[in-house]
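In what follows, chains carry the letters A, B, and so on, assigned in the order in which the sequence lines appear, proteins first and then strands, with residues in each chain numbered from 1.
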Amino acid sequence: MNEKYPFDEIEPKWQAYWKDQGFFKVDTGCADRKYYCLVMFPYPSAALHVGHGRNYILGDAVARYKKMQGFNVLTPMGWDAFGLPAENAAIKTGTHPRITTLDNIATMKRQLNSWGICYDWDREVTACLPDYYRWTQWLFIQLFQRGLAYKAKAPVNWCPSCAAVLANEQVIDGKCWRCESEVREKNLEQWFFKITDYAQRLLDDLAKLQGWPDRVKTMQQNWIGRSEGAWVEFPLVPRGDGRVDPRAVVPCFTTRVDTIFGCTYMVVAPEYAGLADMVKGLPEESAVRAFVAEAGKVASADRAAEDREKKGVFTGRYVINPYTGGNIPLWVGDYVLMSYGAGAVMAVPAHDTRDWAFAKKYGLPVKLSIQNAEQLLKLESMDNAFCDDGVTVDSGVFSGLPSAEARSRMTAHAGEKRFGRAMVQYRLRDWLISRQRYWGAPIPIIYCPDCGLVPVPEKDLPVLLPDDVEFRLTGESPLARSSDFMNVPCPKCGQPSRRERDTMDTFVDSSWYFLRFLSPHDERHAIDADACNRWMPVDQYIGGIEHAILHLMYARFFTKALYDMGLIRIDEPFAKLFTQGMICKRSEKDGQLYKMSKSKGNVVSPDDLIRDYGADTVRLYTLFIGPPEKDAEWSDDGIEGAYRFLRRVWRRVYEQRELLAASRPLKPDQSAMQPVERDLLRKTHETIHRVTQDLEGDFHFNTAVAQIMELMNAVDAFSPDGSASDQRKAVFRHAIETVVLLLAPFAPHLAEELWVELGHPAGLLRVAWPVADPAALARDQVEIVIQVNGKLRGTIMLAVGLDKATVEAAALAHPPAAKWASREKLVKTIFVPNKLINLVIRSQGLASCSKA
RNA sequence: GCCUGGGUGGCGGAAUGGCAGACGCAACGGACUUAAAAUCCGUUGACCGCAAGGUCAUAUGGGUUCGACUCCCAUCCCAGGCACCA
């Protein structure tokens, strides 16, 4: 050992040691004290920056802490390795995505290792390799066979830049989640997963997720968007020319059936299926057609903008309000969405802001059907709709009812008269999973002219990606141009057929990988049910908030679907979820704070930092930077502080090496201790207690590290010399050993090295996490805060456990407090044992005033 | 508009009813050094005061309480989610 802190020597040494010792190898046959710690597996984009590092460092610290607590810790890692960036690179450079992806994986794996992050690499899974995507395809077929995967023509989100469709969850503010291009609507035949079948369970089971942050649950709840209401059918008034309508009713969904007596017109979406038939041959037909054509040209994102002026035209048709029997005009309007409810709305301008605006614009009638209990509504003086609940008026037999009651009675009435019923609608749409791209798992379906859609038989899986493709951006899957791939006999009848050309959304790959980690090399099954039932759910899942809806909802859906298939016996995959904040850095260009990204030019490479300061410093600073659930700003100065601290710990052990070697472990005899020794012993155990609490709570690594720094400050202040008593040396040694143990999850290399220097056998992960000794925590004197009228006026040291009267007397004898108290009349005293005494005083004059 | 969070020194942040600013960074002063780096010691919320000490201070304004960063009400601002979803 020497004075210099040789991180560059010790770090590779211990990394090799952990690997050789197989510290994180797990036998999933046994699940005693199991702890499945999982960090979201990354897309192998290129190289990691320190912002990415936060997840892995958090996860590694948790895994090491749990390991030291004696848990059987499973921490696997893999690669979400299919995806567009690699294919886009191939279009530019011609290099096959497999090559760039595997290269990137090698780089990132090296970086994770150099960070000292330990995984059970024997369980590594790589989504783009056939031994994984074979099972992704198998799972697709299981979903297909249960009707949970289907093909349908529908208006879908098309990203022109990615030349592929997107799921609803992947459109953020009308833009592609990956490249931020404006998304366009296209009517295409695509593959969907029927996640809407699970809407209610996905919503209900959020209640089971006690270990999830509320905001993630709220986001999923909003996304699922359940609303209760009624389905009401409005009969079409037969047309005058004798033609018969194919469908005689126009149904709509409403959450406000209580307002229906105020419904003065009805509006259908421009895409409404029966619209062309309804207007055929009418004088209004050409105007309706022109309107529909015009609405189709506007991007759906623009149409959805709330401040956009609503437009519409009269269809020439009328419908009958089934409650009033009255005729009301049927309009077509661009503010009605085809994709929600029935694609039609009953318009109640008096009680709906949007209908109000539309009615005012086109001069449609407005009728009150709800009164406000607090303030009488008058149509003449209203300048907007009244949208709150109230009491029904002018509503026939339903008049005079509170809104809630009116809704239930009126819905029941619709049921009796068979023109409607209660209904629940969800905002959630089915998950669009086909992609017109190469670098994904091929959808294992064959189109036979006679048999139709035929799933690829299990024995023929995987459907391998062909190599004879050219990477071009055409909007059609490159697979379509591989004749070897496309042409295949029908598995059922043998006649020439064609394969599905699209590949699956990469979110399918990540929807089940946490199960595959439990049997990564199983060549006969996708999932090992026994291992899953023993080891699932994941005890602690760690990842970014950006997946609050996307990955985290898809994975929940998959788990539930697999549960229903009887493949596993758990129906929620992640017991606890931790979403860490992003690490940002100020851009040198504009001084603004941005998430680290290559395009912003504000990335910090871990490679340089590990070279200059060592992995432990980078880890410690990353944990210390702030509360882990919040975003944080990377500071180059901050890392110096972490480095200084670790070097100080190293130097202290080095400087005191002889004394440390000479000190015997002593049963601390507190009665014989001097106060400074007693204080350091107490500080040591307080630190153990608080660090453990911080880790057991919400991973407050920042305060945990601060506690250890405080203990180290106390150790430095203590600094015994060679002539110190055995007792003193032992207390010192105990404190510094505790620093080393507590640092083990955070700065593991340094901790391992110093542990050996302190004369212990190698292998800190086998050492039990320290437990605070209550006897050491005890104190015989406490500092009591003296307040006068709630203001701090001094502190005194007193024996522990004194009663109120004694403390009050001591406080009154304390000069500064006595000065304040003596002037006035003592009214009462508030006493918090061992903590505080508050003397409440009133001036004589004031006291008499208040009596008067 | 609705739903979540949040607003504390020069900076990152601590404290969830009981000493506001732990810990770290930066800054300043000092020691060591030919010098620098590193290290060590000290100061550091604002204001008044020679000092003892005092006053103010946790977005703003009220309230509850012996006592409020913490609880309640209102307002402003910031971030995230949802949003023409009937």
Side-chain angles (χ1 to χ4, degrees), chain A residues 3-4 172-173 213-227 229-230 252-257 259 266-267 269 303-310 333-337 339-348 352-355 357-358 387 425-429 545-546 548-549 620-621 624-627 629-642 644-645 647-648 651 690 700 702-713 716 783-795 815-816 819 827-832 835-842:
Chain A
E3 186 171 5
K4 191 184 148 280
I172 314 288
D173 289 334
D214 286 338
R215 65 173 170 155
V216 175
K217 290 191 275 189
T218 308
M219 281 163 76
Q220 292 211 357
Q221 199 178 323
N222 288 342
W223 187 261
I224 294 167
R226 179 191 154 104
S227 46
C252 74
F253 173 74
T254 177
T255 53
R256 290 300 305 274
V257 71
T259 66
M266 194 172 190
V267 196
R303 224 179 96 188
E306 199 174 358
D307 46 7
R308 193 184 140 81
E309 196 177 0
K310 298 163 185 27
D334 63 359
Y335 74 104
V336 179
L337 306 176
S339 50
Y340 187 79
V345 299
M346 59 172 232
V348 186
D352 183 284
T353 316
R354 296 152 302 179
D355 299 340
F358 194 80
C387 304
Q425 281 283 329
Y426 300 91
R427 215 188 63 95
L428 180 72
R429 307 288 148 74
I545 187 74
E546 65 274 19
I549 292 166
L620 194 78
Y621 175 61
F624 187 59
I625 195 167
E629 71 280 4
K630 286 205 198 143
D631 288 353
E633 182 184 346
W634 185 267
S635 131
D636 293 328
D637 292 324
I639 199 140
E640 285 281 353
R644 271 203 285 265
F645 172 70
R647 214 170 26 178
R648 192 150 62 94
R651 203 174 330 104
R690 290 156 83 178
H700 286 162
N702 55 329
T703 47
V705 172
Q707 302 290 348
I708 302 172
M709 288 172 166
E710 271 194 62
L711 175 57
M712 196 59 209
N713 290 345
D716 278 357
E783 191 181 46
I784 304 277
V785 170
I786 302 172
Q787 291 182 346
V788 177
N789 284 355
K791 279 196 196 297
L792 174 77
R793 296 298 178 197
T795 60
K819 187 180 77 186
V827 183
K828 67 169 164 174
T829 317
I830 308 288
F831 176 61
V832 182
K835 205 173 233 173
L836 166 142
I837 182 123
N838 185 12
L839 308 169
V840 184
I841 58 175
R842 286 282 179 277

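- The two residues A:C387 and A:T353 come nearest to each other via the heavy atoms SG-OG1, 3.4 Å.
- The distance between atom CG of A:D352 and atom P of B:rG1, rounded to the nearest whole Å, is 17 Å.
- Atom C1' of B:rU64 sits at a distance of 15 Å from the matching atom of B:rA74, rounded to the whole Å.
- Dashed line: the shortest gap from a side-chain N or O of A:R793 to OP1 or OP2 of B:rG53 is not under 4.0 Å.
- B:rG7 and B:rC69 have their C1' atoms separated by 11 Å, given to the nearest Å.
- The two residues A:E629 and A:R215 make their nearest non-hydrogen contact at O-NH2, 3.9 Å.
- A:E633 and A:I625 make their closest contact through O-CD1, 3.4 Å (heavy atoms, listed as atom of the first residue, atom of the second, distance).
- Rounded to a whole angstrom, the distance from the C1' atom of B:rC32 to that of B:rC40 is 8 Å.
- The shortest non-hydrogen separation linking A:A342 to A:C252 is CB-CA, 3.8 Å.
- Nucleic acid contact class of A:S227 (heavy atoms, under 4.0 Å, all strands): sugar-phosphate only.
- The residue among A:L792 and A:T255 whose nearest nucleotide of RNA chain B lies closer to the 5′ end is A:L792.
- Side-chain contact check for A:Q787 versus A:L836: some heavy-atom pair is nearer than 4.5 Å.
- Residue contacts shown for A:Q425 are absent, as no nucleic acid heavy atom lies under 4.0 Å away.
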What pairs of nitrogen or oxygen atoms, one from the protein and one from nucleotides 64-70 of chain B, lie under 3.5 Å apart?
residue, atom, partner, partner atom, Å
B:rC66, OP1, A:K828, NZ, 3.4
B:rC66, O2', A:N838, ND2, 3.4
B:rC66, O2, A:N838, ND2, 2.2

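- Comparing A:V832 and A:G626 by the nucleotide of RNA chain B that holds the closest heavy atom to each, the one mapping nearer the 5' end is A:G626.
- When all heavy atoms of A:N789 and A:I841 are compared, the pair lying nearest together is OD1-N, 2.8 Å.
- For the atom pair A:T703 OG1 and A:E710 CD, the distance stands at 10.5 Å (nearest 0.5 Å).
- Residues A:S227 and A:Y426 fail the side-chain proximity criterion, which asks for heavy atoms closer than 4.5 Å.
- The pair A:K310-A:D334 fails the salt-bridge criterion, with no side-chain N (NZ, NE, NH1 or NH2) lying under 4.0 Å from an Asp/Glu carboxylate O.
- A donor-acceptor pair shorter than 3.5 Å can be found between the side chains of A:Y335 and A:D355.
- Stem regions annotated for RNA chain B: B:1-7 with B:76-82, B:10-12 with B:23-25, B:27-31 with B:39-43, B:45-48 with B:53-56, B:59-63 with B:71-75, counting only runs of 3 or more consecutive pairs of Watson-Crick or G-U type with both contacts under 3.5 Å.
- Taking the C1' atom of each, B:rA26 and B:rU44 are spaced 11 Å apart, rounded to whole Å.
- Classified by its glycosidic torsion, B:rG63 falls in the anti category, the angle being over 90° from 0.
- One can place NZ of A:K835 at 11 Å from C1' of B:rC19, the figure rounded to the nearest angstrom.
- Residue pairs that meet the salt bridge (Lys or Arg N to Asp or Glu O under 4.0 Å) test with at least one member in residues 218-227 of chain A, sequence neighbours left out, are A:R226-A:E228.
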Practice task
Spell out protein contact along nucleotides 22-29 of chain B as letters: B when the base is contacted, S when just the sugar-phosphate is, - when no protein heavy atom is under 4.0 Å; keep the 5' to 3' order.
Solution key: BBSSS---

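- Atom-to-atom, CD of A:E629 to C1' of B:rG13 comes out at 12 Å; the value is rounded to the nearest Å.
- B:rG9 sits 15 Å from B:rG61 when the P atoms are compared, rounded to a whole Å.
- The C1' atoms of B:rC19 and B:rG67 are separated by 12 Å, rounded to the nearest whole Å.
- Dense packing is recorded around NZ of A:K4, with more than 12 heavy atoms of other residues, nucleotides or ligands lying under 6.0 Å away.
- Across B:rG49 and B:rG54, the matching C1' atoms stand 8 Å from one another, rounded to whole Å.
- Taking CZ of A:R256 as the reference point, atom CG of A:D352 lies at 9.0 Å (rounded to 0.5 Å).
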Nucleotide N/O to protein N/O under 3.5 Å, stretch nucleotides 7-11 of chain B:
none

Check: protein-nucleotides 80-82 of chain B nitrogen or oxygen pairs below 3.5 Å:
residue, atom, partner, partner atom, Å
B:rC82, O3', A:R427, NH1, 3.0

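- In this structure a side-chain-to-backbone donor-acceptor pair under 3.5 Å is present from A:Y621 to A:S635.
- Atom CD1 of residue A:I224 and atom CG of residue A:L428 lie 6.0 Å apart, to the nearest 0.5 angstrom.
- Nucleotides B:rU75 and B:rC11 have their P atoms positioned 29 Å apart, rounded to a whole Å.
- In summary, the side chains of A:R793 and A:N838 do not present any donor paired with an acceptor at a separation below 3.5 Å, with no hydrogens or angles considered.
- Pairing each heavy atom of A:Q425 with each of A:Y340, the nearest pair is CB-OH, 3.5 Å.
- A:D631 has its CG atom 13 Å from the C1' atom of B:rC78, to the nearest Å.
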